[in-house]
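A short worksheet on the structure shown next.
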Amino acid sequence: MDLRFSSEDIAFRHEVREFLRASLPPDIAAKVRANQCLDRAGIMRWQDILAARGWLATGWPKEYGGPGFSATQRYLFEQEYGALPCPPPVQFGITMAGPVIYTYGSEAQKARFLPPIRENKVWWCQGYSEPGAGSDLAALRTRAVRDREGFVVTGQKIWTTGANWADWMFCLVKTDIAAKPQAAISFLLIDMRSPGIVVRPIRTLDGDCEINEVFLDEVRVPEANLVGEEGRGWTYAKFLLEHERFSMSGAARSRRQLGELRDFVAARGDRAGAVARLAAIDIELRALEMIELRLLSRLNAGGNPGPETSKLKIRGTEIAQAIARLRLDLCGSSALRWDRAAIAGEQPVAPGAQTSATALTTWLNLRKLTIWGGSNEIQRNVLARAVLGL
């Protein structure tokens with residue numbers, strides 16, 4: 001692998017670094033550094049800053065209102081973004097719905113939906129998983145029945161992140177019960193204000209309610225909200241997940257958190273072999289970073305990373321969990337104190353207490369990482385079939 005950054009790329013990297021440092025609000029940075037929750041208003045405030053600079057939809061081509069970054073520029077942007085305590089980007093509109101719409105949608109759909117996404121005017125959620133159809137997504141049962149005005153949708157979605165805040169949902173539905181599972185699925189855009197939609201929060205182990213159940217009872221969806229062709233939703237879903245997984249390594253963010261944890265260990269002394277565990281995580285992280293660079297080199301050569309993005313998802317999520325577990329172990333019993341106001345970001349946390357105040361809730365919350373976006377077991381099956389040919 002031969003990957004060198006040009007002088008223009010290095011200048012771009014400095015431009016991104018200076019912008020982020022100057023623009024990131026201190027109160028938001030403090031909450032991210034302390035692993036406190038951000039509410040919708042805080043997330044939207046930060047994304048408004050990015051949108052005003054034209055750097056919210058960083059993966060979008062210029063023809064659809066994106067900055068038209070090269071693969072290298074996008075990589076460098078993500079490196080600088082993760083190196084600072086910036087809020088993790090909300091992917092559902094920018095990284096998922098947007099690329100599907102500008103790749104497979106009609107011109108009318110592009111004109112209607114893309115500007116509000118890139119301008120941070122709407123919040124999207126993902127209607128994929130169902131009871132009994134999580135990792136086996138082809139088993140979904142939510143029905144969309146055609147009538148003269150479009151579709152009538154009935155069913156249930158679960159684990160729907162941000163549905164309680166969402167304006168729109170991109171949703172997989174079954175439109176043909178006679179066809180084989182993958183050929184029976186279509187991709188609909190559903191207004192969350194539609195009659196017949198009920199959202200019920202699910203309280204998770206960490207006490208938060210970021211995920212939800214969504215019930216759809218004869219929800220009317222116009223024909224104009226069908227993306228692409230009926231029965232091709234499985235193809236669009238796979239395309240979307242490839243986009244999602246390519247941005248799921250979180251290597252730069254893990255690098256920052258590992259550095260913060262290393263400072264924490266140095267201040268308190270080596271406890272329970274912490275230095276050795278830090279070194280082991282660092283080795284795994286360096287290997288992940290090399291995988292990123294290898295895939296970047298492939299993109300720059302005109303190739304497509306394809307199913308190998310599963311490697312980024314697997315290793316990236318496992319490293320994030322390992323960092324959270326080490327943080328929890330180092331805090332010991334001090335992490336057991338449950339201060340809901342501090343966890344929810346309703347009050348500041350003193351710098352010295354940041355690690356222990358949210359160590360337990362962060363570890364509990366990050367148990368989800370190896371499940372969402374396609375479980376890591378499924379990702380290993382993808383690699384075995386598509387990469388190793390087994």
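Not measured: the values here are computed from a predicted model. The residues of the chain are indexed from 1 along the displayed sequence. Because only heavy atoms are used, hydrogens play no part in the values below, and waters and symmetry mates are left out as well, while side chains stay in.
In the model, Asn35 has no side-chain atom that pairs as donor or acceptor with a side-chain atom of Thr361 under 3.5 Å. Checked by atom type, the side-chain pair Thr204/Glu210 shows no donor-acceptor distance below 3.5 Å. A donor-acceptor contact closer than 3.5 angstrom is absent between the side chains of Ser194 and Asp191. Side-chain contact, Glu130 with Thr142: a donor N or O sits under 3.5 Å from an acceptor N or O. A donor and an acceptor atom, one from each side chain of Gln126 and Thr160, are nowhere located under 3.5 Å apart.
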- Task: Decide yes or no on salt bridge (Lys or Arg N to Asp or Glu O under 4.0 Å) for Arg13 and Asp9, but give the supporting numbers first.
- Result: CA-CA 6 Å; Arg13 184 171 206 161; Asp9 290 332; over 6 Å; no
**Request:** Could you go through the side chain to side chain donor-acceptor pair (under 3.5 Å) check for Thr370 and Glu318 one step at a time?
**Result:** CA-CA 7 Å; Thr370 44; Glu318 290 176 345; over 6 Å; no
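Checked against the 6.0 Å centroid threshold, Tyr104 and Phe239 count as a close aromatic pair. The aromatic ring centroids of Phe113 and Trp168 lie less than 6.0 Å from each other.
Here the shortest heavy-atom pairing between Glu230 and Ser186 reads CG-OG, 3.3 Å. Counting all heavy atoms, side chain and backbone alike, Thr175 lies closest to Ile185 at OG1-C, 4.4 Å.
Ring-plane geometry between Tyr81 and Trp46 is classed as tilted, the angle between the planes lying from 30 to 60 degrees on a 0 to 90 degree scale. Using cut-offs of 30° and 60° on the angle between ring planes, the pair Phe170 and Trp124 is tilted.
Enclosure of atom CZ in Arg146 by more than 12 non-hydrogen atoms of other residues, nucleotides or ligands within 6.0 angstrom is indicated. Enclosure of atom CD1 in Ile177 is not indicated, since only 12 or fewer non-hydrogen atoms of other residues, nucleotides or ligands lie within 6.0 angstrom. Heavy-atom contacts from other residues, nucleotides or ligands closer than 6.0 Å to CZ of Arg141 number 12 or fewer.
Between atom CG of residue Leu84 and atom CZ of residue Arg253 there is a gap of 12.5 Å, rounded to the nearest 0.5 Å.
Cation-pi geometry between Arg200 and Phe215 is satisfied (NZ or CZ under 6.0 Å from the ring centre, within 45° of the ring normal). In this structure, Arg327 forms no cation-pi arrangement with Phe264, as its terminal cationic atom is not both closer than 6.0 Å to the ring centre and no more than 45° off the ring axis.
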